[in-house]
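Down below is the structure, laid out as structure tokens.
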Amino acid sequence: MNFALTEEQKKIQEKARAFAERELASGAQERDLSEEFPMYLIKKLGEEGLIGLQFPKEYGGQGKDYLSFILVVEELSKVDSAFGIAYAISSTFTTGIYLFGNDAQKKHCMPRLFRGDALGCFALTEPDAGSDAGSAKTTAVREGDHYIINGTKCFITNSAVADYCMLIVNTDLSKGSKGLTAFLVDLKTTPGVRIGHIENKCGIKSAKVAEVIFENAVIPADRMLGQEGKGFRYALTALDAGRLGVAAQGLGLAQAAFDITKEYMKQRKQFGKPICANQYPAFKMADLETEIDMARLLLYKGVWKQQEGMNFSVDASKAKLACTNVAMKVTTECIQNMGGAGYMREQNVERMFRDAKITQIYEGTNEIQRLIISGNIFK
Ligand SMILES: Cc1cc2nc3c(=O)[nH]c(=O)nc-3n(C[C@H](O)[C@H](O)[C@H](O)COP(=O)(O)OP(=O)(O)OC[C@H]3O[C@@H](n4cnc5c(N)ncnc54)[C@H](O)[C@@H]3O)c2cc1C
């Protein structure tokens, strides 16, 4: 068993860390207020060769492993987790296209995404289909060479700025989730597709999360991914990989909040000694560091199984559960250990605390992760 990163992985991690510190750090607080998504930084990330790492060279990727991608999500999320999740969700889209799309569909979007010229999104959730995503009722009806799509997807990350969407719709409502079918949709140019309400969120403020509305939208039949009726399985498969990305976002948040707080506790003095010289807050940090390490090991184990071609579905759920719970716990406790300063914007931990909450909700709430894990225990 080897716990060390390879030299190549270390270089990618260092590159991502340098990018985050150079390009993301100075504007992260400002973007949290302005809620503007920095598309120009996606372009720069592409120029650095940090997008599409885990995809083959023939589609413009770099043929690296999945851990390389996870390390980048973690590093970006340490500094600006709204940017980290935009990057990760775009990759969830790409995973779906790569696994289930044909050659033309892959060539249509992957090279542009990897150059940083575009973003992808993944649209499953609807107003009446959240945790029960298999009950999605947006419909696609075939008419000649096209499908006509009607319905509304909600809470779709990146949608307001994305060019491409992996869309899950129902082509046969009588079959329930077995009627779900996946499509590759050009969001900005397809007639009948528009962005609706852009959400005003608690955290990940600069990530653009919005409704996507389909009103007699016309999608060419050759944009269907794989086979009709297989869309739910395709979505769940893409989500397994996506959950490792959300776990990495949570881990990045936890690590960054911990590091900031550690330094603060060394500097800040009360009763004539640093805060870290008090056993109670110091022991809390000991527990938090232990839990961060445990979460990281679970995440990297899930990634390892993914890379080995093993079934990693339950591992992805465990990693998502552990890393996102640790993000919430660490950011909460770190604010407490910093006192009033921790509650203020200047220290960044306040933003991380708000960003951490969503990691327990999206890509399947942590209750749904427990359903998956317990279902596997008692199968
Ligand atoms: C900021 C943000 C970004 C998002 N991005 C995307 C995206 O890019 N693409 C996309 O498709 N979706 C996205 N989502 C949707 C997200 O995946 C859903 O919000 C999530 O799956 C939960 O669905 P819901 O909000 O309808 O909650 P509900 O399903 O209504 O659940 C409410 C509560 O009940 C619990 N619950 C529900 N069913 C059960 C059960 N059987 N057992 C135990 N507890 C249960 C839930 O865990 C939750 O605590 C996003 C959501 C948000 C808020």
Side-chain angles (χ1 to χ4, degrees), residues 54 66 69-70 72-74 76-77 81-100 119-126 129-136 153-159 162 165-168 177 180 182 199 201-204 207-210 212 231-254 295 298-299 302-303 305-306 312-328 354-373 375-376:
Q54 72 274 36
Y66 205 71
F69 158 73
I70 288 294
V72 177
V73 179
E74 197 180 324
L76 299 177
S77 300
S81 93
F83 191 81
I85 195 59
Y87 169 80
I89 287 276
S90 192
S91 170
T92 303
F93 160 84
T94 317
T95 299
I97 304 304
Y98 177 63
L99 291 178
F100 306 112
L119 269 184
C121 67
F122 174 88
L124 176 60
T125 304
E126 297 179 4
S131 297
D132 183 14
S135 67
K153 294 287 174 182
C154 66
F155 298 163
I156 307 305
T157 306
N158 284 353
S159 57
C165 175
M166 177 173 170
L167 174 69
I168 313 296
S177 67
L180 292 177
E199 300 297 339
K201 310 177 295 310
C202 160
I204 57 162
K208 290 294 180 193
V209 176
V212 187
F232 196 45
R233 183 170 76 72
Y234 299 164
L236 295 183
T237 305
L239 280 174
D240 280 345
R243 278 172 191 153
L244 296 171
V246 174
Q249 181 198 13
L251 191 62
L253 281 164
L298 260 187
L299 172 58
V303 172
K305 286 181 87 168
Q306 191 271 359
F312 67 100
S313 189
V314 176
D315 303 86
S317 289
K318 288 179 185 169
K320 200 258 180 189
L321 183 65
C323 290
T324 63
N325 282 348
V326 92
M328 199 67 247
R354 284 185 286 108
D355 286 3
K357 186 61 217 170
I358 188 56
T359 66
Q360 296 180 305
I361 296 173
Y362 55 23
E363 301 230 5
T365 64
N366 283 2
E367 290 73 36
I368 295 304
Q369 306 314 318
R370 289 183 180 96
L371 271 184
I372 295 169
I373 298 163
N376 183 60

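The analysis underlying the following values was restricted to heavy atoms, covering all of them including side chains, and did not include hydrogens, waters or symmetry mates. Numbering starts at 1 and runs along the sequence shown.
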Carefully, step by step, assess Phe122 and Leu239 under the rule side-chain contact (heavy atoms from CB on, under 4.5 Å). CA-CA 9 Å; Phe122 174 88; Leu239 280 174; 3.8 Å; yes
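- The shortest distance between side-chain heavy atoms of Lys153 and Leu167 falls below 4.5 Å.
- Listed here is the closest heavy atom pair of Leu244 and Ala319: CD2-CB, 4.2 Å.
- Closest approach of Gly120 and Asn158 over heavy atoms only: O-ND2, 3.1 Å.
- Looking at Tyr87 and Phe69, their side chains come closer than 4.5 Å, going by heavy atoms from C-beta outward.
- Within 6.0 Å of OH in Tyr362 there are more than 12 heavy atoms belonging to other residues, nucleotides or ligands.
- Proximity of Leu99 to Tyr234: side-chain heavy atoms (C-beta onward) are nowhere separated by under 4.5 Å.
- Judged by distance alone, the side chain of Lys201 and the main-chain N or O of Ile358 form no donor-acceptor pair under 3.5 Å.
- In plain terms, the two heavy atoms of Asp355 and Ser81 that are nearest each other are OD2-OG, 3.0 Å.
- A donor-acceptor pair shorter than 3.5 Å can be found between the side chains of Asn366 and Thr324.
- Ion pairing between Glu363 and Arg243 fails under the 4.0 Å rule for side-chain N and carboxylate O.
- Judged by distance alone, the side chains of Gln54 and Thr94 never bring a donor and an acceptor atom under 3.5 Å apart.
- With Thr365 contributing its side chain and Ile368 its backbone, the two residues share a donor-acceptor pair below 3.5 Å.
- In this structure, the side chains of Asn325 and Gln360 come closer than 4.5 Å at one or more pairs of heavy atoms.
- Side-chain contact check for Thr157 versus Lys208: every heavy-atom pair is 4.5 Å or farther apart.
- Contact annotation: the side chain of Phe232 approaches that of Leu236 to within less than 4.5 Å [non-hydrogen atoms, C-beta and beyond].
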### Task
Take Met166 and Thr95 through the side-chain contact (heavy atoms from CB on, under 4.5 Å) test and state the conclusion after the steps.
CA-CA 10 Å; Met166 177 173 170; Thr95 299; over 6 Å; no
